[in-house]
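Report on one structure; see the data block that follows.
Computed from heavy atoms alone, side chains included, the values below leave out hydrogens, waters and symmetry copies. Here the structure is a predicted model, which is why all the values come from computation and not from measurement.
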Amino acid sequence: MIVYHGSYLEIPKPDLKHSRPNVDFGPGFYTTPLYDQAEKWCGRFKRRGKAGIISCYSFEEKAYDLLKILQFDSYSEAWLDFILSCRSGKDTTDYDIVTGGVANDKVFNTIELFSDGLIDKMEALKRLRYERPNQQICFRTEKALERLQFERSVTV
């Protein structure tokens, strides 16, 4: 499988020391199997006058058998609970990789409404059901990052 990371620089050797806390799936190196999505991730850097660079990696899917994986196939109650736990810094799980939908602007607005107590969980899930999930893969451990092989980068 080929995965992509959108940034303002080439990242031939991903690491965890540059990851941010309190994001969708917790600290880690975020990739996507969707080139268009990585290109959109570059947009925020391009708007700031920086280059948009997509780093491309191969990932051997057989590694899934050797790693602890959490996979969300849709925006679900479990996904919402996990996102809220990670974004609040309360996640204590030990997954090597977490995959699932990105909390984009529309999804994030729903999460904010739920977090602020303005809508209940059932209403949040109802709103999320109509969103087509995009895909992110978060490599959360060094063991998982060792399975990524840098292939090339592309300036967009």
For residues [X] and [Y], determine if any side-chain heavy atom of one lies less than 4.5 Å from a side-chain heavy atom of the other.
{"X": "Leu113", "Y": "Ile111", "answer": "no"}
{"X": "Ile53", "Y": "Ser7", "answer": "no"}
{"X": "Pro12", "Y": "Glu10", "answer": "yes"}
{"X": "Glu112", "Y": "Leu118", "answer": "no"}
{"X": "Gln149", "Y": "Glu151", "answer": "yes"}
{"X": "Tyr35", "Y": "Ile54", "answer": "yes"}

Exercise. Quick one: side-chain contact (heavy atoms from CB on, under 4.5 Å) partners of Arg152, sequence neighbours excluded?
Worked result: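 Partners of Arg152 under the side-chain contact (heavy atoms from CB on, under 4.5 Å) test: Cys56, Val154.
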If you look at every heavy atom in [X] and [Y], which pair is closest and at what distance?
{"X": "Ile97", "Y": "Ala144", "result": "CG1-CB, 3.7 Å"}
{"X": "Cys42", "Y": "Gly6", "result": "SG-CA, 3.6 Å"}
{"X": "Gly28", "Y": "Cys138", "result": "CA-SG, 3.7 Å"}
{"X": "Leu9", "Y": "Ser55", "result": "O-OG, 4.1 Å"}

For this session: Report the residue from Val98, Val23, Val102, Ile137 that forms a side-chain contact (heavy atoms from CB on, under 4.5 Å) with Tyr30.
Result: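 Going through Val98, Val23, Val102, Ile137 one by one, the side-chain contact (heavy atoms from CB on, under 4.5 Å) with Tyr30 is satisfied by Val23 alone.
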Problem set entry | Test ring pair (Phe, Tyr, Trp, His ring centres under 6.0 Å) applied to His5 and Phe29, step by step | CA-CA 8 Å; His5 176 83; Phe29 183 71; 4.3 Å; yes
For this session: May I ask you to check whether Gln136 and Asn134 show a side-chain donor-acceptor distance below 3.5 Å?
Result: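 Note: Gln136 and Asn134 side chains miss the donor-acceptor criterion.
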Exercise. Are the aromatic rings of Phe139 and Phe59 close, with centres under 6.0 Å apart?
Worked result: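 Close enough - the centres of the two rings lie under 6.0 Å apart.
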Exercise. Is there a chain of hydrophobic side chains (I, L, V, M, F, W, Y, each step under 4.5 Å between heavy atoms) that links Ile11 to Leu145?
Worked result: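 Yes, Ile11 and Leu145 fall within the same hydrophobic cluster.
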Atom pair [atom1] ([X]) and [atom2] ([Y]), whose distance is rounded to the nearest 0.5 Å:
{"X": "Phe45", "Y": "Lys50", "atom1": "CZ", "atom2": "NZ", "answer": "7.0 Å"}
{"X": "Leu125", "Y": "Ile119", "atom1": "CG", "atom2": "CD1", "answer": "9.0 Å"}
{"X": "Glu123", "Y": "Phe114", "atom1": "CD", "atom2": "CZ", "answer": "11.5 Å"}
{"X": "Thr99", "Y": "Phe25", "atom1": "OG1", "atom2": "CZ", "answer": "7.0 Å"}

For this session: Using the side-chain contact (heavy atoms from CB on, under 4.5 Å) rule, take Leu148 and Val3 through it: C-alpha gap first, then chi angles, then the decisive distance, then the call.
Result: CA-CA 9 Å; Leu148 278 181; Val3 295; 3.8 Å; yes
Please output the side-chain donor-acceptor pairs of residues 82-93 that fall under 3.5 Å, not counting sequence neighbours, one pair per line with the distance.
unit_1 : atom_1 : unit_2 : atom_2 : d
Ser85  : OG     : Asp91  : N      : 3.3
Arg87  : NE     : Asp24  : OD1    : 2.9
Arg87  : NH2    : Asp24  : OD1    : 2.5
Ser88  : OG     : Leu84  : O      : 2.9
Ser88  : OG     : Ser85  : O      : 3.1
Asp91  : OD1    : Thr93  : N      : 3.2
Asp91  : OD1    : Thr93  : OG1    : 2.7
Asp91  : OD2    : Thr93  : OG1    : 3.2
Asp91  : OD2    : Arg140 : NH1    : 3.2
Asp91  : OD2    : Arg140 : NH2    : 3.0
Thr93  : OG1    : Arg140 : NH2    : 3.0

Exercise. Can we say Arg147 and Glu60 salt-bridge, meaning some charged N sits less than 4.0 Å from an Asp/Glu carboxylate O?
Worked result: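 Looking at Glu60 together with Arg147, the answer is no, because their closest N to O distance does not fall below 4.0 Å.
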Exercise. Between Trp79 (side chain) and Gly100 (backbone), is there a donor-acceptor pair under 3.5 Å?
Worked result: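 No.
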Exercise. Taking the side chain from Lys46 and the backbone from Val156, do they hold a donor-acceptor pair closer than 3.5 Å?
Worked result: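 A pair under 3.5 Å: yes.
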For this session: Tell me, with the steps shown, if Lys121 and Asp81 meet side-chain contact (heavy atoms from CB on, under 4.5 Å).
Result: CA-CA 10 Å; Lys121 187 179 276 188; Asp81 289 342; 2.7 Å; yes
Exercise. Going through the distances and angles, do Tyr57 and Tyr4 end up as a ring pair (Phe, Tyr, Trp, His ring centres under 6.0 Å)?
Worked result: CA-CA 6 Å; Tyr57 308 87; Tyr4 308 97; 8.8 Å; no
Under 3.5 Å donor-acceptor pairs involving side-chain atoms of residues 63-70, not counting sequence neighbours:
unit_1 : atom_1 : unit_2 : atom_2 : d
Lys68  : NZ     : Asp94  : OD1    : 2.4

